Engineer: 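Let me begin by handing over the structure; questions about it come next.
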Amino acid sequence: MKILVVEDDQPTASMVSEVLRSHNYIVDTIAESQTALQLVRGFAYDLIVLDIVLPGLDGISLCRQLRSSGYQMPILLLTVKDSSTDKAMGLDAGADDYMVKPFDVSELIARVRALLRRGSNILATVLTWGKLQLDTSSSKVVYEGRLLRLTATEYRLLHLFLRNPQRIFSRSMILDRLWSIAEYPGEDAVTTHIKKLRQKLKAAGMTADLIETIYGLGYRLLPPPEQTPAPKSSAVSTDADRQQAENMVIESVNTIWQRNKESFTCQVALFEQVVAALMTDTLTLQIQDAAKLEAHKMAGSLGSFGFNEGSRLAREIEQLLESEAIKQQATQLQQLVNLLQQELEKPPTLSAVAPVLEEQSALILIIDDDRSLIEQITQSAYALNLRVEVANSLAAGREAIAQNPPDAILLNLIFANTNENGLTLLAELAQSKSPIPVLVLTIRGSLLDRVEVASLGARAFLHKPIDPQQILKAVTQILNQATATEARVLIVDDDPQVLTTLSDLLQPWGLDVTTLEDPQNFWEVLTTTVPDLLILDASMPTFSGIVLCQVVRQDPHWGDLPIVVLTSDTNADTIREVFAAGADDYVGKPIVEPELITRIISRLKRVQLW
């Protein structure tokens with residue numbers, strides 16, 4: 001997974017990046033907001049770690065700007081600002097979590113994992129494919145109980161495919177997800193690493209091919225072969241594994257400390273310069289402000305290297321430098337600087353790092369008063385490593401959601417002791433900024449009920465009586481899907497075979513596809529689905545695609561909607577007519593699949609939806 005770290009304090013940025021990379025994350029690091037904004041627009045990041053005090057646009061303003069632009073990736077604010085007001089401002093701006101410097105590196109990793117899990121609804125920490133297992137908590141890969149020695153890139157490549165079993169990835173998409181900007185290679189590197197991964201898997205005894213090459217398009221995970229149960233303990237993290245991971249973190253941070261120790265010495269030298277200037281009454285506002293900024297940075301970064309006392313001293317120095325009576329406090333400042341210098345001569349105390357926190361499994365909230373069914377679901381969920389919370393009324397369900405938002409909700413529509421309908425809560429959840437997947441579980445089963453539930457955005461309609469195993473199968477399928485598709489596409493064509501073909505072609509690329517066979521219902525479907533891209537057949541009865549294109553372009557609300565026209569007639573006059581109607585592109589029939597995919601992705605990239 002790919003993480004963007006926005007931090008202007010070099011030692012902190014280096015430490016955070018190094019620790020994240022040691023856990024097999026791809027990391028880009030930038031020191032200011034405007035460049036960070038450009039990177040977010042150009043690359044797909046799974047998480048942003050964001051400082052608040054930045055040059056130019058501050059972190060909270062950047063967070064607001066990202067959310068107002070529609071970006072939904074998790075954001076972790078990492079800052080020395082620790083007041084309740086600052087935390088409230090950060091979370092209100094759209095941040096998902098708030099962590100105060102100095103921070104514990106193990107807690108940082110645990111929070112990152114939790115945010116990534118919530119951001120993509122990742123269910124399992126152990127991913128399996130036949131007898132192959134990948135444990136994300138220990139970064140170990142085993143086949144039939146034997147450990148495989150993979151490079152970091154090979155591990156990330158395998159992780160990418162196991163997390164997205166139905167997804168086709170082009171080589172450029174793999175580059176975007178698995179390499180940082182600083183080390184961005186050519187597309188041939190993808191082919192080379194896939195080849196090496198296949199060779200290592202084969203050498204380990206795997207006879208079935210794991211990755212399918214789809215010529216002209218990219219790569220996809222093949223369905224696993226029939227398998228016999230693997231040893232349960234083969235990929236499960238042990239205490240020794242966790243200790244090894246913790247030791248790796250300590251070693252990484254120690255290395256970064258040695259690399260950045262000189263920069264801290266230079267910061268102390270600046271404080272001594274301030275003391276000397278105070279003694280001679282020559283302190284300028286420029287030097288004072290520079291020293292105050294460096295003290296602020298040290299207060300946040302020293303504690304993260306194990307110098308908690310140094311962090312406290314730097315905070316006191318910062319407070320003195322902010323004082324209007326600084327000229328009368330030169331002696332006190334000198335004492336603090338001397339103590340800070342003594343602290344920096346000590347070795348870092350990272351051996352006291354807190355234990356690595358365990359990742360929690362997905363949380364399912366059941367809002368139902370059927371005790372028997374709840375008990376059966378709970379027992380089955382335990383076997384699947386799912387946590388379950390129960391609310392026996394809609395009021396209790398609302399309270400549970402507010403206190404601890406679940407990963408998915410099983411919602412009954414009818415309760416014995418109230419007249420309130422579960423549809424009311426479903427409607428409330430649909431309006432949430434971060435909607436939680438809801439599966440409706442009800443004895444009602446009419447078409448009208450199903451239509452109403454669908455219109456309110458429920459992810460599944462489960463009709464009682466139903467086997468608990470079927471319920472949990474539906475839950476796990478939804479949890480393992482991405483919470484939000486990258487783009488919505490509406491296809492209008494009077495040929496049902498074309499609609500089926502295009503839908504099957506586009507969905508593996510992570511696109512949310514809606515198809516329409518009757519163009520007479522076009523406007524209703526358009527305004528309901530609000531697509532990010534429109535594909536129209538040029539020749540249809542009643543209303544041609546060219547006419548529909550003109551209709552769309554006449555409405556200012558849809559003026560920027562990308563439109564691709566499919567046409568079997570590619571003579572010059574027809575093409576001129578297509579573009580005159582306002583289309584952005586055309587694709588000739590019969591459709592060449594790689595060409596269509598390339599054109600659609602190109603259009604989506606231009607509007608920054610891919």
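No experiment lies behind these values; they were computed from the predicted model shown. Values below: every heavy atom of this structure, side chains too, minus hydrogens, waters and symmetry copies.
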Engineer: Just by distance, with hydrogens left out, do S170 and S172 show a side-chain donor and acceptor under 3.5 Å apart?
Structural biologist: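 A pair is found: one side chain offers a donor N or O, the other an acceptor, under 3.5 Å apart.
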
Engineer: Given side chains that start at C-beta, do those of D51 and L77 come closer than 4.5 Å, heavy atoms only?
Structural biologist: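 Not touching, per the 4.5 Å side-chain cut-off.
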
Engineer: Take K196 and T153 through the side chain to side chain contact (heavy atoms under 4.5 Å, CB included) test and state the conclusion after the steps.
Structural biologist: CA-CA 10 Å; K196 290 181 178 179; T153 301; over 6 Å; no

Engineer: Which pair of non-hydrogen atoms, one from Y98 and one from L76, has the smallest distance, and what is that distance?
Structural biologist: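 Taking every non-hydrogen atom into account, N-CD1, 4.0 Å.
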
Engineer: Output the distance between atom CZ (F103) and atom CG (L78), rounded to the nearest 0.5 Å.
Structural biologist: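 If we round to the nearest 0.5 Å, F103:CZ and L78:CG are 5.0 Å apart.
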
Engineer: If we only count heavy atoms from C-beta on, is the I30 to E7 side-chain gap below 4.5 Å?
Structural biologist: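 No; the side chains remain at least 4.5 Å from each other.
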
Engineer: Using a 3.5 Å distance criterion without hydrogens, assess whether the side chain of R488 forms a donor-acceptor pair with backbone atoms of V513.
Structural biologist: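 No, the answer is negative, given that no donor and acceptor are paired below the 3.5 Å cut-off.
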
Engineer: Looking just at side-chain N and O atoms, do D86 and S83 make a donor-acceptor pair shorter than 3.5 Å?
Structural biologist: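 Present: a donor and an acceptor within the cut-off.
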
Engineer: For the residue pair D584 and V564, establish whether any side-chain heavy-atom pair is separated by less than 4.5 Å.
Structural biologist: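 Of all side-chain heavy-atom pairs linking V564 with D584, none is under 4.5 Å.
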
Engineer: Looking only at atom types and distance, does a side-chain atom of E18 sit under 3.5 Å from a main-chain N or O of M15, one as donor and one as acceptor?
Structural biologist: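 Absent.
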
Engineer: Mind checking whether T151 and L197 have side chains closer than 4.5 Å, heavy atoms only?
Structural biologist: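 Counting from C-beta outward, T151 and L197 never come under 4.5 Å.
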
Engineer: Working to the nearest 0.5 angstrom, can you tell me the gap between L91 CG and I75 CD1?
Structural biologist: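 Spacing of CG (L91) from CD1 (I75) equals 11.0 Å.
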
Engineer: Drop me the distance from R315's CZ to L313's CG, to the nearest 0.5 angstrom.
Structural biologist: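 Answer for the CZ-CG pair, R315 versus L313, is 11.5 Å.
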
Engineer: Test side chain to side chain contact (heavy atoms under 4.5 Å, CB included) on L175 and R171 and set out the steps.
Structural biologist: CA-CA 6 Å; L175 284 173; R171 291 192 296 178; 5.6 Å; no

Engineer: Between I326 and L320, which heavy-atom pair has the shortest distance, and what is it?
Structural biologist: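 It is CD1-O, 3.3 Å.
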
Engineer: Show your reasoning for whether side chain to side chain contact (heavy atoms under 4.5 Å, CB included) applies to V100 and T79.
Structural biologist: CA-CA 5 Å; V100 177; T79 176; 5.6 Å; no

Engineer: Does a side-chain heavy-atom distance below 4.5 Å link I317 with F271?
Structural biologist: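 Yes - at least one pair of side-chain heavy atoms lies under 4.5 Å apart.
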
Engineer: Between T529 and T514, do the side chains contain a donor N or O and an acceptor N or O under 3.5 Å apart?
Structural biologist: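 No, no side-chain donor-acceptor contact under 3.5 Å.
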
Engineer: List the atom pairs, donor and acceptor, that lie under 3.5 Å between side-chain atoms in residues 62-70 and the rest of the protein, sequence neighbours left out.
Structural biologist:
unit_1 : atom_1 : unit_2 : atom_2 : d
R67    : NE     : G94    : O      : 2.9
R67    : NH1    : Y71    : O      : 2.9
R67    : NH1    : M73    : O      : 2.8
R67    : NH2    : M73    : O      : 3.0
R67    : NH2    : G94    : O      : 3.0
R67    : NH2    : D96    : OD2    : 2.7
S68    : OG     : R64    : O      : 3.2
S68    : OG     : Q65    : O      : 2.9
S69    : OG     : Q65    : O      : 2.9

Engineer: Is there a side chain to side chain contact (heavy atoms under 4.5 Å, CB included) between L20 and V112? Walk through the geometry before answering.
Structural biologist: CA-CA 9 Å; L20 291 173; V112 165; 4.1 Å; yes

Engineer: Would you compute the distance between atom CG of L283 and atom CD of Q273 and round it to the nearest 0.5 angstrom?
Structural biologist: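 One gets 9.0 Å once the value is rounded to the nearest 0.5 Å.
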
Engineer: Can you name the nearest heavy-atom pair linking V530 to T527, along with the distance?
Structural biologist: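 Taking every non-hydrogen atom into account, CG2-O, 3.5 Å.
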
Engineer: So do L526 and W558 actually touch side chain to side chain, heavy atoms under 4.5 Å?
Structural biologist: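 Yes; the side chains approach each other to less than 4.5 Å.
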
Engineer: How close do I211 and I194 get, heavy atom to heavy atom, and via which atoms?
Structural biologist: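 Closest approach of I211 to I194: CD1-CG2, 4.3 Å.
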
Engineer: Can you find a pair of side-chain heavy atoms, one from I48 and one from P74, that are under 4.5 Å apart?
Structural biologist: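 I48 does not reach P74 side chain to side chain.
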
Engineer: Identify whether the distance between the nearest side-chain nitrogen and carboxylate oxygen of D560 and R553 falls below 4.0 Å.
Structural biologist: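 Salt bridge absent between D560 and R553.
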
Engineer: Would you say the side-chain atoms of T191 and D188 include a donor-acceptor pair closer than 3.5 Å?
Structural biologist: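 No - no donor-acceptor pair under 3.5 Å links their side chains.
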
Engineer: Please report the shortest heavy-atom distance between A31 and L54, naming the atom on each side.
Structural biologist: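 Nearest heavy atoms, A31 then L54: O-CD2, 3.8 Å.
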
Engineer: If we only count heavy atoms from C-beta on, is the I535 to I563 side-chain gap below 4.5 Å?
Structural biologist: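 With C-beta onward as the side chain, the pair stays apart.
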
Engineer: Could you list the residues that satisfy side-chain contact (heavy atoms from CB on, under 4.5 Å) with K2, not counting sequence neighbours?
Structural biologist: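 Once residues adjacent in sequence are excluded, the partners of K2 under the side-chain contact (heavy atoms from CB on, under 4.5 Å) criterion are I26, D28, F43, Y45, D46.
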
Engineer: Does N164 have any side-chain contact (heavy atoms from CB on, under 4.5 Å) partners at least two apart in sequence or in another chain, and if so, which?
Structural biologist: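 Scan of N164 (side-chain contact (heavy atoms from CB on, under 4.5 Å), adjacent residues dropped) gives L160, R167, F169.
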
Engineer: How long is the gap from CZ on R459 to CD1 on I436, to the nearest 0.5 Å?
Structural biologist: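 It comes to 12.0 Å.
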
Engineer: Between CG of L157 and CZ of R177, what distance do you get to the nearest 0.5 Å?
Structural biologist: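 L157 CG to R177 CZ: 12.5 Å, rounded to 0.5 Å.
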
Engineer: Does any N or O in the side chain of S61 come within less than 3.5 Å of the main-chain N or O of L57, such that one atom is a donor and the other an acceptor?
Structural biologist: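 No, because the side chain of S61 does not come within donor-acceptor range (under 3.5 Å) of the backbone of L57.
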
Engineer: What closest approach, in Å, do D8 and P55 show between heavy atoms, and which atom pair accounts for it?
Structural biologist: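 Taking every non-hydrogen atom into account, OD2-CD, 3.7 Å.
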
Engineer: Which residue in the set L162, L127, L158 passes side-chain contact (heavy atoms from CB on, under 4.5 Å) when paired with V141?
Structural biologist: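 Testing each of L162, L127, L158 against V141, the sole residue satisfying side-chain contact (heavy atoms from CB on, under 4.5 Å) is L158.
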
Engineer: Going by side chain to side chain donor-acceptor pair (under 3.5 Å), name the residues that satisfy it together with K346, two or more places apart in sequence or in a different chain.
Structural biologist: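 K346: side chain to side chain donor-acceptor pair (under 3.5 Å) contacts with E343.
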
Engineer: Name each donor-acceptor pair under 3.5 Å that joins a side chain in residues 284-300 to protein atoms two or more places apart or in another chain, with its distance.
Structural biologist:
unit_1 : atom_1 : unit_2 : atom_2 : d
T284   : OG1    : I287   : N      : 3.2
Q288   : NE2    : L321   : O      : 2.7
E294   : OE1    : Q267   : NE2    : 2.7
H296   : ND1    : E318   : OE2    : 3.0

Engineer: Please name all residues satisfying side chain to side chain donor-acceptor pair (under 3.5 Å) with D97, sequence neighbours left out, ordered by chain then number.
Structural biologist: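 Partners of D97 under the side chain to side chain donor-acceptor pair (under 3.5 Å) test: R111.
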
Engineer: Are any side-chain N or O atoms of S323 and backbone N or O atoms of Q319, one a donor and one an acceptor, separated by less than 3.5 Å?
Structural biologist: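 It does not hold such a pair.
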
